[in-house]
Amino acid sequence: MYSTSGQIQKPISIVDLAGMKRSREKITCLTAYDASFARVLDNAGIDIVLVGDSLGSVIQGRDSTVPVTMDDMVYHTKCVSNGCSRAFIVADLPFVSYSSPGRAVTNAARLMQQGNARMVKLEGGRQRAEIVKTLVSEGIPVCAHLGLLPQSINQLGSYRVQGKDSKTARLILEDALILEEAGVSLLVLECIPTVLADEITQALNIPTIGIGAGANCDGQVLVLYDMLGISIGGSPKFSKNFMPDTGAVMDAVKAYAAAVRQGDFPRDEHSF
């Protein structure tokens, strides 16, 4: 892939993402589920493309991510990998696909070998530490996910902000530190107060990627369909529709990337 100056751009690596945190260069991330959108994101300079199990909602029309299967994730990850040459591809391990270390390794290997993912993502805190250690010992890079955990919606009862009181905030911070010690290389923070996200980001050496977690995370992620204003049922408070001011998908994605890098997104109205 070539930059606007004509120079070849090498694929982004974990080392590059860690360096962006150290240099305080904001990391941009969006979801994608097919080759065409993945190519747009790649050409627009998005750093991380997340193949999210959010495809259950935006692609399949489900009311949660729970029904998404490993076959779904492998298929869509492969499609996305066919559209990317520069962006770092992270793929979700779906519901109950990492219920044991052995199962996690088997399914993560599918995402990497068949889907060409560069990293896998799982939800949960300290209870996932041994699974993370096992994955990392097998050479599988891991992204963790704390705060609002969509795969646990049947336990949570509704999608709501997490870590609002001092006790739960402390537990989330502790989980982040435990997961970093276990070997995760990236951490998504979803729907937590800005103050807590800032504290976690400052406490960790690994990059944090926020979604509804304020502007002080090392990077930001949105569901692509939300930032294009085409999600079924509308977009959440923490998202922003970049299409009205741009009028084209590529321009909207570029506007999102620029807003994140310049600190213009998210603003207070997109945070908790």
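Because only heavy atoms are used, hydrogens play no part in the values below, and waters and symmetry mates are left out as well, while side chains stay in. Computed from a predicted model, the values in this text were never measured in an experiment.
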Does a side chain donor of either [X] or [Y] reach within less than 3.5 Å of an acceptor in the other side chain?
| X | Y | value |
| --- | --- | --- |
| D226 | S231 | yes |
| T194 | N216 | no |
| D72 | Q60 | yes |
| Y33 | S54 | yes |

Inset, instruction - Quick one: do L204 and L177 satisfy side-chain contact (heavy atoms from CB on, under 4.5 Å)? Show the steps, please. - result: CA-CA 7 Å; L204 299 182; L177 293 168; 3.8 Å; yes
Inset, instruction - Dump the intermediate steps for side chain to side chain donor-acceptor pair (under 3.5 Å) on S85 and D42, then the final yes or no. - result: CA-CA 7 Å; S85 59; D42 203 52; 3.1 Å; yes
Connected via hydrophobic side-chain network under 4.5 Å: [X] and [Y]:
| X | Y | result |
| --- | --- | --- |
| L196 | L171 | no |
| F238 | L224 | yes |
| L222 | I230 | yes |
| I89 | M20 | yes |
| V51 | V66 | no |

Legend entry - R39 and S36: CA distance, side-chain angles, deciding distance, side-chain contact (heavy atoms from CB on, under 4.5 Å) verdict: CA-CA 5 Å; R39 180 63 56 85; S36 295; 5.9 Å; no
Given side chains that start at C-beta, do those of [X] and [Y] come closer than 4.5 Å, heavy atoms only?
| X | Y | value |
| --- | --- | --- |
| F272 | C191 | yes |
| I206 | K21 | no |
| R261 | T28 | yes |
| D47 | E25 | no |
| N116 | T77 | no |
| D34 | H76 | no |
| R118 | P141 | no |
| K133 | E130 | yes |

Legend entry - Ring-face cation contact, Y256 with K254, 6.0 Å cut, 45° max: no
Legend entry - Distance under 6.0 Å and angle within 45° of ring axis: K121 vs Y98: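 Not satisfied by the 6.0 Å and 45° rule.
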For residues [X] and [Y], report the shortest heavy-atom separation together with the two atoms involved.
| X | Y | value |
| --- | --- | --- |
| C143 | L187 | SG-N, 4.3 Å |
| P101 | T134 | CB-OG1, 3.7 Å |
| Q220 | G214 | NE2-O, 2.9 Å |
| A215 | K26 | O-NZ, 2.9 Å |
| T31 | V223 | OG1-CA, 3.4 Å |
| E180 | N205 | OE2-N, 2.7 Å |

Legend entry - Option passing side-chain contact (heavy atoms from CB on, under 4.5 Å) with I48 (candidates V221, L186, L30): L186
Atom [atom1] of [X] with >12 non-hydrogen neighbours under 6.0 angstrom:
| X | atom1 | result |
| --- | --- | --- |
| Q155 | CD | no |
| Q127 | CD | yes |
| D165 | CG | yes |

Can any side-chain N or O of [X] pair as donor or acceptor with the backbone N or O of [Y] at less than 3.5 Å?
| X | Y | answer |
| --- | --- | --- |
| S97 | P94 | yes |
| R22 | L17 | no |
| D92 | D53 | yes |
| T106 | G102 | yes |
| E181 | A129 | no |
| T246 | M243 | yes |
| K164 | A169 | no |
| D198 | V195 | no |
| Q162 | R160 | yes |
| Q151 | L93 | yes |

Kindly compute the distance separating [atom1] ([X]) from [atom2] ([Y]), expressed to the nearest 0.5 Å.
| X | Y | atom1 | atom2 | answer |
| --- | --- | --- | --- | --- |
| L148 | I192 | CG | CD1 | 10.5 Å |
| I172 | E199 | CD1 | CD | 11.0 Å |
| N241 | S235 | CG | OG | 6.5 Å |
| C217 | E190 | SG | CD | 11.5 Å |
| I232 | Y225 | CD1 | OH | 9.5 Å |
| F37 | L228 | CZ | CG | 6.0 Å |

Before accepting this row, confirm whether a basic side-chain N of the pair [X]/[Y] lies closer than 4.0 Å to the acidic partner's carboxylate O.
| X | Y | answer |
| --- | --- | --- |
| R126 | E174 | yes |
| R24 | D218 | no |
| R86 | D16 | no |

Inset, instruction - Could you check whether the rings of F265 and H270 sit parallel, tilted or perpendicular, using 30° and 60° as the cut-offs? - result: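 Because their plane-to-plane angle lies in the 30° to 60° range, the rings of F265 and H270 count as tilted.
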Inset, instruction - Carefully, step by step, assess I140 and M112 under the rule side-chain contact (heavy atoms from CB on, under 4.5 Å). - result: CA-CA 8 Å; I140 299 170; M112 297 186 74; 3.6 Å; yes
Legend entry - R110 and D71: CA distance, side-chain angles, deciding distance, salt bridge (Lys or Arg N to Asp or Glu O under 4.0 Å) verdict: CA-CA 9 Å; R110 287 191 65 195; D71 286 345; 3.0 Å; yes
Inset, instruction - Go through V120 and V90 one step at a time and tell me if the side-chain contact (heavy atoms from CB on, under 4.5 Å) criterion holds. - result: CA-CA 5 Å; V120 300; V90 180; over 6 Å; no
